[in-house]
Amino acid sequence: RPGKLVGQLSAYDEDKGQDSRLLFTMNSQSQYDGDETSHFRIFPNGEVQVHNGHLDFEMKNIYRIVVEVEDDGLSSDGKSALKCEGKESLCKLSDSGIVTISVLDVNEPPTILDQEREILENSNQDAKIGPILEATDNDYNDEISFSLVSGNDQNAFSVERCTCQILVATPVINFESQSSYALKVKV
């Protein structure tokens with residue numbers, strides 16, 4: 001989510017006193033040619049935050065950004081300029097590197113939408129009631145299992161945990177006694 005802290009970058013400068021005055025900038029965060037999405041932002045102190053991108057492990061789990069760090073060209077007192085070959089004025093030096101950001105996977109809940117099934121009254125035990133239930137889970141390699149949590153009057157139904165198929169559990173389905181059931185299924 002935007003504003004979420006990703007991490008704190010650090011750098012080292014051989015000139016005494018520079019470490020606390022280094023400034024960080026981002027040169028590139030393009031993930032492919034033409035990508036103009038601003039996934040991250042970096043503050044001058046090296047703090048990296050999610051900017052306006054929604055990071056989703058299942059969509060993309062590695063980002064590479066090019067970061068530059070620059071010193072202020074001043075001596076340890078923070079006032080006098082350091083001497084630099086070929087320059088008489090302030091000599092700021094910089095370096096850049098690639099920072100790899102790994103997105104961690106979190107468990108998102110599965111989703112099941114309301115669905116309707118029909119079956120003939122007086123159906124036999126283990127008769128299938130329509131097609132299997134449809135549910136989704138965005139998590140990579142997650143297996144979905146199902147259970148009935150309410151509405152199963154007289155324990156008339158069962159659901160196969162892994163195949164998601166509703167079955168007649170006991171042959172008590174009689175249109176004249178009860179014409180519909182509202183089953184609540186837990187995914």
Side-chain angles (χ1 to χ4, degrees), residues 1-10 26 28-43 46-67 97-187:
R1 73 177 196 271
K4 175 118 175 114
L5 177 66
V6 173
Q8 179 71 45
L9 300 178
S10 62
M26 192 167 354
S28 171
Q29 60 178 311
S30 175
Q31 301 302 302
Y32 53 86
D33 286 342
D35 179 19
E36 295 182 15
T37 305
S38 180
H39 301 282
F40 306 98
R41 69 177 169 182
I42 187 167
F43 291 90
E47 183 177 285
V48 180
Q49 289 184 357
V50 175
H51 188 224
N52 66 2
H54 173 73
L55 307 181
D56 185 350
F57 177 88
E58 285 75 26
M59 299 297 288
K60 183 169 178 61
N61 57 18
I62 298 286
Y63 292 85
R64 289 180 178 80
I65 59 176
V66 179
V67 174
I98 296 173
V99 175
T100 301
I101 298 173
S102 299
V103 179
L104 302 176
D105 194 14
V106 295
N107 188 17
E108 290 108 353
T111 304
I112 185 169
L113 301 175
D114 291 345
Q115 301 168 47
E116 291 186 14
R117 302 290 185 269
E118 294 180 352
I119 188 149
L120 297 174
E121 69 177 329
N122 302 317
S123 291
N124 294 327
Q125 185 172 353
D126 294 327
K128 292 181 180 179
I129 303 174
I132 64 172
L133 295 172
E134 297 175 28
T136 58
D137 191 333
N138 291 336
D139 290 322
Y140 178 73
N141 265 354
D142 265 8
E143 291 182 18
I144 299 174
S145 63
F146 294 77
S147 62
L148 298 176
V149 292
S150 67
N152 192 8
D153 301 337
Q154 301 172 344
N155 292 318
F157 306 101
S158 65
V159 63
E160 292 179 338
R161 289 182 57 80
C162 295
T163 66
C164 320
Q165 179 67 60
I166 297 178
L167 303 169
V168 174
T170 55
V172 295
I173 300 171
N174 184 316
F175 182 83
E176 287 75 29
S177 333
Q178 187 170 351
S179 61
S180 67
Y181 296 80
L183 300 175
K184 185 173 183 182
V185 178
K186 179 181 178 184
V187 182

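Numbering starts at 1 and runs along the sequence shown.
- A distance of 9.0 Å separates CE of M26 from OG of S28, quoted to the nearest 0.5 Å.
- Closest approach of S30 and Y32 over heavy atoms only: OG-O, 2.6 Å.
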Test log, rule side-chain contact (heavy atoms from CB on, under 4.5 Å), inputs N124 and V168: CA-CA 7 Å; N124 294 327; V168 174; over 6 Å; no

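- Contact annotation: the side chain of Q115 approaches that of L133 to within less than 4.5 Å [non-hydrogen atoms, C-beta and beyond].
- In this structure, N138 CG and D56 CG are separated by 7.0 Å, a value rounded to the nearest 0.5 Å.
- S145 is not listed as a side-chain neighbour of K186, based on a closest heavy-atom distance of 4.5 Å or more.
- Taking the side chain as every heavy atom from C-beta outward, H51 and Q29 never approach each other to under 4.5 Å.
- Put simply, the side chain of E160 never gets that close to the backbone of Q165: no donor and acceptor are under 3.5 Å apart.
- Between Y63 and H39, the ring-plane angle classifies as tilted under the 30° and 60° cut-offs.
- Summarising the geometry, atom CZ belonging to R117 is positioned 10.0 Å from atom CD1 belonging to I129; distances are rounded to the nearest 0.5 Å.
- Around atom CG of L5, more than 12 heavy atoms belonging to other residues, nucleotides or ligands sit under 6.0 Å away.
- In this structure, CZ in R161 is found 11.0 Å from CG in L148, a value given to the nearest 0.5 Å.
- Between F157 and I173 there is a side-chain heavy-atom pair separated by less than 4.5 Å.
- Side-chain contact between D105 and N61: absent, with no pair of heavy atoms (C-beta onward) separated by less than 4.5 Å.
- Here the shortest heavy-atom pairing between F40 and V48 reads CB-CG1, 4.3 Å.
- Considering CD1 of I62 and OG1 of T100, their distance stands at 6.5 Å, rounded to 0.5 Å.
- Nearest heavy atom pair, residue F146 against residue C164, reads CE1-SG, 2.5 Å.
- Between D153 and V172 the shortest side-chain heavy-atom distance does not fall below 4.5 Å.
- Counting non-hydrogen atoms of neighbouring residues, nucleotides and ligands closer than 6.0 angstrom, the CD atom of E116 reaches no more than 12 such neighbours.
- Between V187 and I144 the shortest heavy-atom distance is CG1-CG2, 3.1 Å.
- Looking only at side-chain heavy atoms (C-beta outward), H54 and M59 stay at 4.5 Å or farther from each other.
- To the nearest 0.5 Å, atoms OG (S150) and CG (L183) are separated by 8.0 Å.
- Side chain of Q125 to main chain of A169: a donor-acceptor pair is present (N/O by atom type, distance under 3.5 Å, no hydrogens or angles).
- Checking side-chain atoms of N152 against main-chain N and O of A156 turns up a donor-acceptor pair under 3.5 Å.
- Residues L167 and D126 come closest through the heavy atom pair CD2-O, 3.7 Å.
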